[in-house]
Each structure stands twice: as structure tokens, then as C-alpha cells.
Student: 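Provided herewith is a single structure, encoded as C-alpha cells, for subsequent inquiry.
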Amino acid sequence: MNHSYWTEPGRTVGVPLDGPPRVAGLGVGVHGVTRALDVFRLPDLWQLHLYRYTAELTVDGVTHQIRPGHVSLVPPGAVVAFRYRGRSEHLYAHFALDGAARTEGVPVVQDAGAQTPALSELLLLAIASAPRTPRRADAEVWGALWRVAALAGPADGQPRPHRAVAAALAHIESHLAEPLAVPEIARASGVSHNHLLRLFRAETGTTVVAYVRRRRMERARHLLRESTLPIAAIADAVGIGDLQAFNKACRREWGASPRGVRGGEG
């Protein structure tokens, strides 16, 4: 029995996700047709299953109830037992992961909820890609693993952002090159202006306006340092089309002009 990945045996596992998986097998598994119980191990491979049925799964002695839309992630060496209730179909991926100093803590079984369609699409793309482009299959499974890890919330144990704040952050990132007003961001988030202000301050520790300004300047600094784009184009790309205003913003943020930032100042 391999306990090297367990953070809570049979219930929570530490998953090294800094590097992509090496997929060994993918497919649609059909079980429960001729027998109601399967017991087995994969000594060297992880198992990712997305379920379309109700059954009982036991992992290293800990029993979980699984239902359509549930997902399981089992580490190498664990003994698994499936008790089926008739014909049972799931998507699966078997893969290796390199060890890493940093791991994501993931429950062995979770309800994927609203993420079920996206996970299903990623695994189906991986299944279709594997015969001809196996590295793409690795990438699709890697994306699925990160989504599974995110189901339980951030690895630091902090709660996930309120859905309205998450929507606001996504809207801001997608529209940094455009004028951004708080009422518009609130509409995209599905809440009122004042409610978004309260939620945003509580979850990020700053205001919406200050966050937008900071993200614009972070993107500007990246483009100034890492690209050869003209300064005017960078100003446009971060929603500050007036060069004089962009120059003032750079001096306020880093104490240097855009040319100075490009040269390593600030």
C-alpha cells in the first residue's frame, strides 16, 4: 500500500501538478454488466474517473458514495473496490505524475457540479487526441486535473472568491484595454454597484478602481520589459490611450517614465 501521496488516508491526497501528466491510458469504462464488484490496484499510475452512475467506491478502506457528476482522483498503489448497481459507465484517465515539492490537496471524491460539462469535454478531447497527438492528451488531462484541484478551493485553505467577485475579476482581465467603469463591472458580475463594492473590498482588500489601476500597470510593466511594442501601443493595450496620462501613471507607480521602465528603472 503506497501512502506517500496521502494527506488523509483514503480521503485526501497531495497531487503534484507543477508538471504535466504522462498519460498511459484513457477511455470510456463500462462496468457492472457481468459482475457487481471490481477490486484492483494500479501500482504506478494515478486514476481520474468522472462518473455517470451511482455506486460505492472504497479506497484503501475508506468508502465513498459516488453519483453522476462525481469525480475521483486516486493515487498510485491504492486498493480500490467498486460495487456497481448494474451497467456503469465513466470516463477515465490513468497517468503518471512526477514528484514535486509543492502539491495540491485534493479530496479523493468530489461533486464536480457545474464543472462536470467542462471536465467531460476535456477528457473526451484527451481520449480523441491520444492516438495521434499524445502530448495534447497530456495537456487536456492536465487541464482537467487543475479543475478538479480547484473544486475544493485554493490550496491555502482560504474560501473561493464569491461568484460575483470572480466574475468581476474575469471581466476586468478581459477588458483592460477598454474603458472600465464600476457600474459596468457590476452588471457583468450580476450584482448591484454597491454590493460589488462591499464584496470586492472584503475579498481583495482593495477597491475596484484601485485593482483595475494596479492590473493595468502590471500589464504595462510586463509589455514594456518583455516586448518591443511601441509605447503608444502599450498604452492602448492597457486602456490608457493618452500618452501624457500613461507617462504620469508610470511615474506615479514606479518613479520612472515608460522609457525608463523599459530600460530597467523602477
Student: Distance check, rounded to the nearest 0.5 Å: His162 atom NE2 versus Leu169 atom CG?
Tutor: 12.5 Å
Student: Among all residues two or more places apart in sequence or in another chain, which pass the side chain to side chain donor-acceptor pair (under 3.5 Å) test with Arg11?
Tutor: none
Student: What pairs with Arg187 under side chain to side chain donor-acceptor pair (under 3.5 Å), at least two apart in sequence or on another chain?
Tutor: none
Student: Same hydrophobic cluster for Leu122 and Trp146, using side-chain heavy-atom links shorter than 4.5 Å among ILVMFWY?
Tutor: no
Student: Please give me the minimum heavy-atom distance between Ser189 and Arg163, naming the atom from each residue.
Tutor: O-NH1, 3.7 Å
Student: Which pairs with one or both residues in residues 202-243 pass ring pair (Phe, Tyr, Trp, His ring centres under 6.0 Å), sequence neighbours excluded?
Tutor: Phe200-Tyr211
Student: Treat each ILVMFWY residue as a node, draw an edge where side-chain heavy atoms are under 4.5 Å apart, and state whether Val209 and Ile172 are in one component.
Tutor: yes
Student: Do the charged groups of Arg221 and Glu218 touch, with an N to O distance under 4.0 Å?
Tutor: no
Student: Sub-3.5 Å donor-acceptor pair from the side chain of Thr204 to the main-chain atoms of Thr206, do we have one?
Tutor: yes
Student: Keeping to residues at least two apart or across chains, list the salt bridge (charged side-chain N to carboxylate O under 4.0 Å, His left out) pairs with something in residues 111-130.
Tutor: none
Student: Can you list the residues that meet the side chain to side chain donor-acceptor pair (under 3.5 Å) rule with Asp138, with sequence neighbours excluded?
Tutor: Arg135
Student: Could you tell me whether the side chain of Ile234 reaches within less than 4.5 Å of the side chain of Pro258, counting heavy atoms only?
Tutor: no
Student: Return the minimal non-hydrogen interatomic distance between Tyr92 and Gly29, and the atom names on each side.
Tutor: CD2-N, 3.7 Å
Student: Go through the structure and list residues passing side-chain contact (heavy atoms from CB on, under 4.5 Å) with His175, not counting sequence neighbours.
Tutor: His171, Glu178, Leu180
Student: Do you know the tightest heavy-atom contact between Val23 and Phe95?
Tutor: CA-CB, 3.9 Å
Student: Is Glu203 reaching over with its side chain to a backbone N or O of Val165, donor-acceptor style, under 3.5 angstrom?
Tutor: no
Student: Salt bridge (charged side-chain N to carboxylate O under 4.0 Å, His left out): which pairs involve residues 246-266, sequence neighbours left out?
Tutor: none
Student: Do Pro9 and Asp60 make a side-chain contact, defined as non-hydrogen atoms from C-beta onward lying under 4.5 Å apart?
Tutor: no
Student: Donor-acceptor pair, Thr12 side chain versus Thr7 backbone, under 3.5 Å?
Tutor: no
Student: Using the test ring-ring contact (aromatic ring centres under 6.0 Å, His included), find all partners of His49 that sit at least two apart in sequence or belong to another chain.
Tutor: Tyr51, Phe82, His90
Student: Could I get the full list of side-chain contact (heavy atoms from CB on, under 4.5 Å) partners for Ala181, not counting sequence neighbours?
Tutor: Pro183
Student: Would you say Trp142 and Leu48 are hydrophobically clustered, going by side-chain heavy atoms of ILVMFWY under 4.5 Å?
Tutor: yes
Student: Do any side-chain atoms of residues 123-133 form donor-acceptor pairs under 3.5 angstrom with protein atoms, and if so which ones, sequence neighbours left out?
Tutor:
residue, atom, partner, partner atom, Å
Ser129, OG, Leu125, O, 2.7
Thr133, OG1, Ser129, O, 3.1

Student: Can you confirm whether Ile231 sits close enough to Asn247 that some side-chain heavy atom of one is under 4.5 Å from a side-chain heavy atom of the other?
Tutor: no
Student: With sequence neighbours left out, what residues match Ser88 under side-chain contact (heavy atoms from CB on, under 4.5 Å)?
Tutor: Tyr53, Tyr84
Student: Could you tell me whether the side chain of Ser72 reaches within less than 4.5 Å of the side chain of Ile66, counting heavy atoms only?
Tutor: no
Student: How many angstroms lie between CD in Gln110 and NE2 in His64, if you round to the nearest 0.5 Å?
Tutor: 11.0 Å
Student: Return the minimal non-hydrogen interatomic distance between Thr54 and Pro68, and the atom names on each side.
Tutor: OG1-CD, 3.6 Å
Student: Exactly one of Leu91, Val148, Val109, Val108 should register a side-chain contact (heavy atoms from CB on, under 4.5 Å) with Val71. Which one does?
Tutor: Val148
Student: Can you list the residues that meet the side-chain contact (heavy atoms from CB on, under 4.5 Å) rule with Ala81, with sequence neighbours excluded?
Tutor: Leu37, Val39, Thr58, Arg83
Student: Taking the side chain as C-beta and beyond, is there a heavy-atom pair between Met217 and Ile240 under 4.5 Å?
Tutor: yes
